[in-house]
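These notes are about the structure you will find just below.
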Amino acid sequence: MTAQDKAIQPAEIQAGHTPLAFEGSNGPLSPGIAIVGAGFSGTLLALHLLQRVPLQTRVVLIERNAQFGRGPAYSTGNSSHVLNVPAGKMSAFHSRPLDFLQWLQALPADELSGIDPTATTFVPRRMFGRYIRHLLNQEVKARNHGDQFELIRGDVVDIVPNGGGLSLTLDRNRTVEVDRAVLAIGNFPPAPPPVADMSFYDGPSYRPDPWAADTLDALDPDLPVLLIGTGLTTIDTVISLLDRGHRGPITALSRRGLLPHRHGSSPPPPDMPESDSFPTRVNDLARVLREGSRRCRELGGDWHTVIDELRPITTELWQAMCVKDRARFLRHMRPWWDVHRHRVAGPVADRIDAARGSGQLQIRAGRIREYRSRPDGLTDIVYRPRFGAGLENGGLDCVTAGRVVNCAGPDADYSRIRDPLVRSLLGNGLVRPDPLCLGLDVTANCATLGRDGSISRRLFAVGPVTKGTFWEMTAVPDIRQQAEFLAGQLASLTKPVRVAAASGGQAS
Ligand SMILES: Cc1cc2nc3c(=O)[nH]c(=O)nc-3n(C[C@H](O)[C@H](O)[C@H](O)COP(=O)(O)OP(=O)(O)OC[C@H]3O[C@@H](n4cnc5c(N)ncnc54)[C@H](O)[C@@H]3O)c2cc1C
């Protein structure tokens with residue numbers, strides 16, 4: 001860790017209430033804005049807020065984990081876990097698209113581990129986490145934010161209205177009082193596939209969190225492994241297994257058995273016509289995409305161009321669709337959308353292809369039905385293959401594993417997420433899941449909707465939590481625009497500082 005990464009240290013707050021008025025080096029501070037979660041979304045939002053709100057408005061960033069700015073995506077210590085977007089497209093700022101690349105290029109050679117960063121390089125994800133930390137550190141150091149900014153290490157377990165503001169309860173009975181709060185709580189570990197007897201999920205062979213540091217700990221290198229899911233997290237886990245010298249068979253199983261495609265290198269054909277419009281009915285959209293990629297291939301290009309052309313208007317398309325069509329899209333098109341839209345770097349795809357070629361990695365399509373423990377300590381995972389109508393044994397097949405890792409992708413169905421904050425927010429009606437269970441229901445301005453449909457003026461959300469309203473709110477290029485937009489919104493709601501009764505002061 002460099003000196004610049006060390007600059008901001010979490011503040012230690014004690015149990016009991018934080019007073020409503022604060023004395024900062026720039027005068028009295030307003031209760032301000034709290035951001036819950038300091039992954040990419042929360043950290044970037046804090047940065048933009050500090051650039052927009054008056055110096056008297058407190059900005060409090062609260063993170064339960066040791067490091068801010070990383071989240072599960074950018075905390076991996078494995079340098080083979082590279083970004084799935086090239087460095088030239090990973091800037092934290094929409095208006096300065098090369099900022100990340102320029103930051104990389106300014107690093108001393110010994111910190112780049114042999115990487116020569118160009119716009120098309122896929123760099124280790126932990127480098128991106130370091131960049132985000134650097135941006136906030138730099139902002140806090142360069143401008144005189146004084147006591148305005150607080151980074152708190154803590155787990156927010158409840159948020160309740162407190163008459164003109166919000167009261168956040170943290171672990172160890174600590175409380176933070178603010179005017180407004182933003183949920184930047186990101187991705188939750190995947191849900192286990194439903195089976196009649198769920199007891200396997202409590203046993204030692206099952207790993208529920210693919211991003212946990214100990215997921216592959218104490219794993220015999222010859223043991224067969226089953227990965228549930230065939231998306232980007234599965235790719236990460238296969239790469240981790242290969243890096244550890246795993247020799248045993250690896251099976252990845254998902255309903256359709258689709259793996260993410262690799263990034264293409266061919267530019268769009270010069271005479272590829274631009275689409276006049278995009279339909280917002282799912283069947284028509286699917287037809288237009290199919291025809292577009294056929295036309296592109298005829299002109300010597302590939303389908304990447306057609307998918308990439310949709311990128312700037314994906315949210316508009318989503319919002320223009322009726323809920324029925326959104327549901328139809330999720331049911332029928334999502335698996336294909338995901339593997340074409342969220343692609344992997346070429347060198348990563350090469351390693352996956354080699355593992356498949358050698359027979360070590362097998363991809364299967366089907367639905368898990370049952371776990372049967374065996375006398376040798378392994379488990380038979382019984383599944384119904386997608387194309388298994390002709391199979392004996394009632395159309396069922398089986399794979400044997402000594403460890404099962406759930407890589408099925410983040411769980412976004414808030415009605416079943418067990419996280420205490422989520423449970424209490426749903427319980428007190430401050431939030432509700434969106435109709436398609438992709439996250440929380442929010443307005444186009446990122447304000448949360450309560451159980452009764454009311455629009456909150458105090459509680460907001462940013463990042464993947466808002467996928468129900470925005471759909472593509474997963475990758476950095478989308479979240480960076482949302483974070484900047486929300487910071488502007490919150491700044492416009494910020495009133496001049498009021499000095500609260502707790503210190504006997506007066507509103508000003
Ligand atoms: C493995 C992985 C790889 C990815 N790779 C890329 C990529 O290469 N390129 C790209 O563009 N996108 C990538 N993404 C997508 C995207 O960048 C991430 O989803 C994004 O980082 C989301 O950031 P976030 O801050 O919203 O959520 P998260 O990163 O999940 O962060 C949320 C934070 O909130 C904290 N938190 C949650 N609840 C509480 C609470 N109650 N109290 C206190 N703290 C709390 C968590 O500890 C966490 O640090 C990747 C995503 C994943 C999961």
Side-chain angles (χ1 to χ4, degrees), residues 10 34-46 60-76 78 81-87 89-92 100 122-129 131-133 151-159 168-171 174 176 181-190 209-212 215 229 231-237 239-240 260 263 311 341-345 348 407-412 417-425 439 446 461-467 472-480 482-483 486:
I35 302 164
V36 183
F40 171 68
S41 308
T43 306
L44 194 64
L45 178 65
V60 185
L61 181 60
I62 309 171
E63 169 59 49
R64 59 158 74 116
N65 285 324
Q67 291 208 328
F68 76 91
R70 294 193 181 275
Y74 309 114
S75 50
T76 172
N78 184 340
H81 289 166
V82 293
L83 294 170
N84 52 42
V85 176
K89 294 185 178 166
M90 282 294 285
S91 168
F100 177 52
F122 294 89
V123 302
R125 292 210 297 267
R126 66 176 177 213
M127 301 286 285
F128 187 74
Y131 162 67
I132 296 304
R133 289 167 62 81
L151 175 66
I152 296 175
R153 172 108 189 251
D155 194 356
V156 179
V157 293
D158 199 7
I159 301 179
L168 280 61
T169 306
L170 279 63
D171 55 315
R174 296 171 295 167
V176 173
V182 183
L183 300 171
I185 52 183
N187 294 304
F188 291 92
D209 183 352
W211 307 303
T215 293
L232 289 170
T233 306
T234 292
I235 302 269
D236 263 5
T237 311
I239 295 295
S240 294
H263 277 282
R311 177 141 200 177
R341 164 71 186 79
H342 300 285
R343 308 193 283 264
V344 289
V348 174
C407 304
D411 189 5
I417 287 170
R418 304 313 313 162
D419 179 82
L421 176 60
V422 170
R423 297 313 325 150
S424 62
L425 285 171
C446 300
V462 65
V465 190
T466 66
K467 276 181 86 169
E472 277 294 329
M473 202 45 76
T474 309
V476 163
D478 305 296
I479 298 175
R480 69 186 178 194
Q482 192 191 39
L486 179 56

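Numbers here are sequence positions counted from 1. Here the structure is a predicted model, which means the values were calculated and not measured. First listed ligand is number 1; within each ligand, the first listed atom is number 1.
Of all protein heavy atoms, the one lying nearest to atom 31 (O) of ligand 1 is Gly39 CA, 3.5 Å. Nearest protein heavy-atom neighbour of atom 15 (C) of ligand 1: Thr474 O, 3.0 Å. From the protein, the heavy atom lying nearest to atom 51 (C) of ligand 1 is Ala73 CB, 3.5 Å. Summary of contacts: the protein heavy atom closest to atom 32 (C) of ligand 1 is Ala184 O, 3.4 Å. Among protein heavy atoms, the minimum distance from atom 42 (N) of ligand 1 is reached at Val156 N, 3.0 Å. Scanning all protein heavy atoms for the shortest distance to atom 8 (O) of ligand 1 gives Asn84 N, 2.7 Å. Atom 19 (O) of ligand 1 has as its closest protein heavy atom Asn187 ND2, 3.1 Å. The protein non-hydrogen atom at the shortest distance from atom 11 (O) of ligand 1 is Val476 N, 2.9 Å.
With a heavy-atom cut-off of 4.0 Å, Phe128 does not touch ligand 1 at all.
Atoms of ligand 1 lying under 4.0 Å from at least one heavy atom of Leu83, given by number and element, are 8 (O). Of all atoms in ligand 1, listed by their number and element, those nearer than 4.0 Å to a heavy atom of Gly186 are 26 (O), 27 (O), 28 (P), 30 (O), 32 (C). Residue contact check: Gly154 has heavy atoms under 4.0 Å from atoms 42 (N), 43 (C) of ligand 1.
Between the side chain of Arg70 and the backbone N or O of Arg126 there is at least one donor-acceptor pair closer than 3.5 Å. Of the possible polar contacts, none joining the Thr43 side chain to the Phe40 backbone as a donor-acceptor pair under 3.5 Å is found.
With ring centers used as reference points, Tyr131 lies 6.0 Å or more from Tyr74.
Distance check, rounded to the nearest 0.5 Å: CZ of Arg480 to OG of Ser91 gives 5.5 Å. In this structure, Arg64 CZ and Leu170 CG are separated by 11.0 Å, a value rounded to the nearest 0.5 Å. Atoms CD1 and CD1, on Ile62 and Ile185 in that order, are 12.5 Å from each other to the nearest 0.5 Å.
Using a 4.0 Å cutoff on heavy atoms, Pro420 does not count as a contact of ligand 1. Contact between Trp211 and ligand 1 is present, with at least one heavy atom of the residue lying under 4.0 Å from the ligand. Residue contacts with ligand 1 include Met90, since one of its heavy atoms falls under 4.0 Å from the ligand.
When only interatomic distances are considered, the shortest N/O to N/O separation between Glu63 and ligand 1 falls below 3.5 Å. Not a single N or O atom of Asp236, backbone or side chain, sits closer than 3.5 Å to an N or O atom of ligand 1. Considering backbone and side-chain atoms alike, Leu421 places every N or O at 3.5 Å or more from each N or O of ligand 1. Taking only nitrogen or oxygen atoms, main chain and side chain alike, Val36 does not reach within less than 3.5 Å of ligand 1. In terms of polar-atom proximity, Asn65 is counted as a contact of ligand 1, with an N or O under 3.5 Å from an N or O of the ligand.
With no hydrogens or angles considered, no side-chain donor-acceptor pair links Thr169 and Asp158 at under 3.5 Å.
Of all the listed residues (Gly37, Gly42, Pro72), Pro72 holds the heavy atom that lies closest to atom 28 (P) of ligand 1. Between Arg125, His342, Arg480, Arg153, it is Arg125 that holds the heavy atom closest to atom 3 (C) of ligand 1. Taking only non-hydrogen atoms, the option from Phe68, Phe122, Tyr74, Phe40 nearest to atom 14 (N) of ligand 1 is Tyr74.
Of all non-hydrogen atoms in Thr474 and Ile479, the two that sit nearest each other are O-CD1, 3.4 Å. Heavy-atom minimum distance, Arg133 versus Gln67: NH1-CB, 3.6 Å.
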